[in-house]
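One structure is given here, and the rest of the page talks about it.
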Amino acid sequence: MRGRYTSLTSCSLLLGTALAVAACTSVPVDDRGPADAPTIDDVAGREPVPTIQLLTKTAANDPSRFELSRMIVEAWQEAGIDAELLPVDDAQLNARTFTGKDYDAFVVSYGPTPERLDPDNLLSRFQSDGATDAGSNVSMFVDPGYDAAYLEQNQADAEARRAAVEEAQRILYDEVPVVPLIYPVVGAAYRSDRWEGVEPSVGYPLFNVWNATAATPLDERDTLVVGTVFEPPTLNPVLVDTLESQIPLSLVYDTPLAIDAAGETVERAAESVEVSGSEVTLTLRDGLSFSDGAPVTGADLAFTVEYLRDTAAPLYAAGLAGVSGVEADGQTVTITLAAPAAAFTDVTLTQLPILPRHVWSAVADPTTFTNEAPVGSGPFVLEQRRIGESLSFAARPDHYDAPAVQRLELTILGSFEAGISALTSGEIDLYDDVQPATQYQSLKDADGVTVVETQSHGWRGLHFNTSRAPFDDRAFRAALRSLVPYDDLVEVVMEGAAEPGGSVIAPSLEQWHDPDLAPFEYDAGAAMEALADAGYAFGPDGRLYYPETGS
């Protein structure tokens with residue numbers, strides 16, 4: 001807060017759905033920032049640091065993410081940093097971040113998807129070759145040392161891989177392209193008075209292909225109704241850029257392998273997989289068919305591998321970049337990699353949607369293809385999409401994992417609170433927007449409802465756009481990181497159901513997490529020291545200025 005004397009170290013918060021009241025106490029702040037802030041009287045030769053915009057989801061769509069973001073912006077403002085909060089809907093957030101890189105900073109939620117049990121999924125998002133407008137490197141982070149560590153971890157044996165994963169973690173921790181804020185306990189809920197066969201799973205706790213097929217009604221109903229506030233922005237696998245967007249497509253498209261409810265990699269459309277050095281050989285099940293009746297062959301899988309690699313599909317291209325050749329012989333496909341890849345089976349092949357060659361080979365420009373009627377070999381077929389309302393799926397009874405229901409309805413809700421109400425009233429059967437468990441607290445006493453809680457191996461964090469000033473300066477990024485009120489995020493917003501962030505690999509993944517990377521802490525003094533050492537200073541007008549030109 002510039003222009004008046006106040007104080008701040010922690011903010012207590014009364015949570016509402018869209019409104020909050022904050023009471024802040026303790027670090028001395030004057031009109032030039034904290035007492036130990038670097039100051040100057042003459043700003044000649046300097047430019048003011050522009051207002052920072054922090055993008056996040058709206059309070060209606062994601063209440064806790066909104067509150068995390070609001071508290072961060074307030075802490076930055078109290079330290080004299082010109083910052084503002086910009087809540088946007090799902091489509092705008094994805095368009096400006098994952099797709100367009102048109103942002104300063106944004107708060108992301110990396111859900112605990114099964115693919116993230118392996119460190120490659122998150123680490124791959126910071127490779128330099130993905131630092132393009134449409135690439136998977138959201139922070140536009142370019143670091144040859146990181147690229148070397150990433151490549152080594154993907155090609156090394158188990159012991160060497162652990163060391164390389166730790167090195168990659170340390171580089172991200174030190175260079176600050178991203179700031180994992182918290183590792184939350186996540187929740188979900190379903191109508192256990194109506195359904196059996198719904199089991200908690202690693203990853204998205206309840207809404208996944210396993211429960212979509214296994215859920216069995218306890219009465220005469222034949223449709224499983226799932227509620228969500230997230231509407232998939234596309235049905236085109238070439239354009240999908242988040243795992244959240246991929247979930248509806250996982251009902252329609254088979255993958256060769258999959259990660260089961262216990263977190264183990266298992267065969268799915270493939271009946272076997274063999275890895276020998278740089279060669280991966282898969283044999284597809286006999287009798288597979290696409291929803292239009294065409295048989296699924298090895299040629300379809302081979303086509304998919306090359307097609308998603310060559311079209312730079314955001315969600316798949318990084319994992320397929322090392323593919324140097326693919327050959328199909330009937331139902332058997334041999335994939336040759338440029339070098340052995342430790343995560344290829346557990347990450348890439350568990351996500352890869354098998355595309356029908358007879359459909360996609362005729363698509364001249366996959367970036368403009370809407371794919372309104374997806375043809376896949378999965379357990380469901382999409383029958384109807386009503387924009388802003390729902391997606392309706394029909395079961396495929398001849399599928400090897402045939403659903404117990406006849407239909408699945410994915411209902412798009414206007415807000416998270418609307419989902420809580422809909423589950424309580426019985427309008428929906430299952431609610432699994434991966435939110436902190438505290439958001440589901442009100443359902444614990446609801447009749448006929450079971451709430452599931454799991455410790456997340458995902459996290460909520462800050463991405464900085466390192467391709468634009470001042471975020472191209474590590475010192476500025478480090479200062480902002482030190483000005484985040486981590487304790488308040490955990491204790492106030494998350495009501496204690498989270499751990500403070502640190503590494504991009506969560507502590508729950510003990511095999512890969514580096515315990516020497518301490519959780520982040522709020523430290524205004526360290527922030528001001530970082531700014532001063534880099535040449536930033538607060539001017540007589542209370543604004544923060546860039547280092548003097550030529551300094």
Side-chain angles (χ1 to χ4, degrees), residues 57 60-65 90 109-117 182-218 223-232 242-248 250-251 259-263 391 405 408-460 493-495 497-498 506 508:
K57 285 193 178 183
N61 277 359
D62 195 332
S64 60
R65 195 189 316 192
D90 289 323
S109 180
Y110 286 118
T113 64
E115 295 83 5
R116 292 186 179 128
L117 292 170
I182 58 169
Y183 311 112
V185 176
V186 297
Y190 74 103
R191 296 293 308 217
S192 52
D193 60 342
R194 296 176 175 177
W195 297 89
E196 62 181 0
V198 178
E199 299 292 339
S201 302
V202 171
Y204 286 95
L206 292 180
F207 184 37
N208 48 60
V209 69
W210 310 109
N211 283 330
T213 58
T216 304
L218 294 172
T223 302
L224 177 67
V225 182
V226 179
T228 181
V229 297
F230 178 78
E231 181 168 12
T242 67
L243 290 172
E244 188 177 31
S245 303
Q246 186 188 35
I247 292 176
S250 71
L251 305 178
I259 297 174
D260 68 11
L391 288 85
V405 293
L408 186 148
E409 189 86 5
L410 187 59
T411 299
I412 313 300
L413 303 161
S415 68
F416 182 82
E417 291 300 323
I420 297 294
S421 176
L423 192 68
T424 304
S425 68
E427 180 183 343
I428 63 175
D429 301 310
L430 187 151
Y431 195 34
D432 190 6
D433 278 332
V434 176
Q435 292 280 343
T438 53
Q439 298 294 122
Y440 288 90
Q441 187 68 32
S442 64
L443 289 173
K444 288 188 174 180
D445 296 325
D447 291 339
V449 173
T450 292
V451 176
V452 171
E453 296 181 359
T454 59
Q455 174 60 52
S456 177
H457 57 268
W459 41 266
R460 294 192 162 198
V493 179
M494 308 304 297
E495 300 178 23
S508 59

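- Put simply, the side chain of Ile412 reaches to within 4.5 Å of the side chain of Thr228, judged on heavy atoms.
- The closest donor-acceptor contact from the side chain of Asn211 to the backbone of Leu206 lies under 3.5 Å.
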Asp62 vs Arg460, side chain to side chain contact (heavy atoms under 4.5 Å, CB included): CA-CA, chis, key distance, verdict = CA-CA 12 Å; Asp62 195 332; Arg460 294 192 162 198; 3.1 Å; yes

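- Atoms CG and CD, from Leu413 and Glu427 in turn, are 7.0 Å apart once rounded to the nearest 0.5 Å.
- Side-chain atoms of Ser456 and Tyr110, non-hydrogen and from C-beta on, never get closer than 4.5 Å to each other.
- At least one donor-acceptor pair under 3.5 Å links the side chain of Ser250 to the backbone N or O of Ile247.
- Taken from OG in Ser64 to CD1 in Ile182, the straight-line distance is 7.0 Å, to the nearest 0.5 Å.
- Thr450 has its side chain within reach of Tyr190: a pair of non-hydrogen atoms, C-beta onward, lies under 4.5 Å apart.
- Taking CD of Glu495 as the start and CD of Gln439 as the end, the distance is 8.0 Å to the nearest 0.5 Å.
- Across every non-hydrogen atom of Arg194 and Gly426, the tightest pair is NH1-O, 2.9 Å.
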Verdict with supporting geometry, Tyr431 and Val229, side chain to side chain contact (heavy atoms under 4.5 Å, CB included) = CA-CA 10 Å; Tyr431 195 34; Val229 297; 3.7 Å; yes

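- At a threshold of 4.5 Å between non-hydrogen side-chain atoms, the residues Leu443 and Ile420 count as touching.
- Judged by distance alone, the side chain of Asp90 and the main-chain N or O of Lys57 form no donor-acceptor pair under 3.5 Å.
- Judged by distance alone, with hydrogens and angles left aside, the side-chain atoms of Ser425 form no donor-acceptor pair with the main-chain N or O of Leu423 at under 3.5 Å.
- A pairwise comparison of heavy atoms in Ala215 and Val198 identifies CB-CG2, 3.9 Å as the closest pair.
- The shortest non-hydrogen separation linking Ala498 to Pro184 is CB-CA, 3.8 Å.
- Nearest heavy-atom pair across Pro114 and Val202 is CG-O, 3.6 Å.
- How far CG of Asn208 is from CD of Glu199: 11.0 Å, rounded to the nearest 0.5 Å.
- When all heavy atoms of Pro63 and Phe416 are compared, the closest pair comes out as CD-CB, 3.8 Å.
- Among all heavy-atom pairs drawn from Trp195 and Leu218, the shortest one is N-CD1, 3.7 Å.
- Ser192 OG to Leu430 CG: the interatomic distance, rounded to the nearest 0.5 Å, is 11.0 Å.
- Taking the six-membered ring wherever Trp is involved, the centroid distance between the rings of Trp459 and Tyr183 does not fall below 6.0 Å.
- Formation of a donor-acceptor pair under 3.5 Å by the Arg191 side chain with backbone atoms of Ile428 is not found in this model.
- The OH atom of Tyr440 lies 6.0 Å from the CG atom of Asp432; values are rounded to the nearest 0.5 Å.
- Judged by distance alone, the side chain of His457 and the main-chain N or O of Thr113 form a donor-acceptor pair under 3.5 Å.
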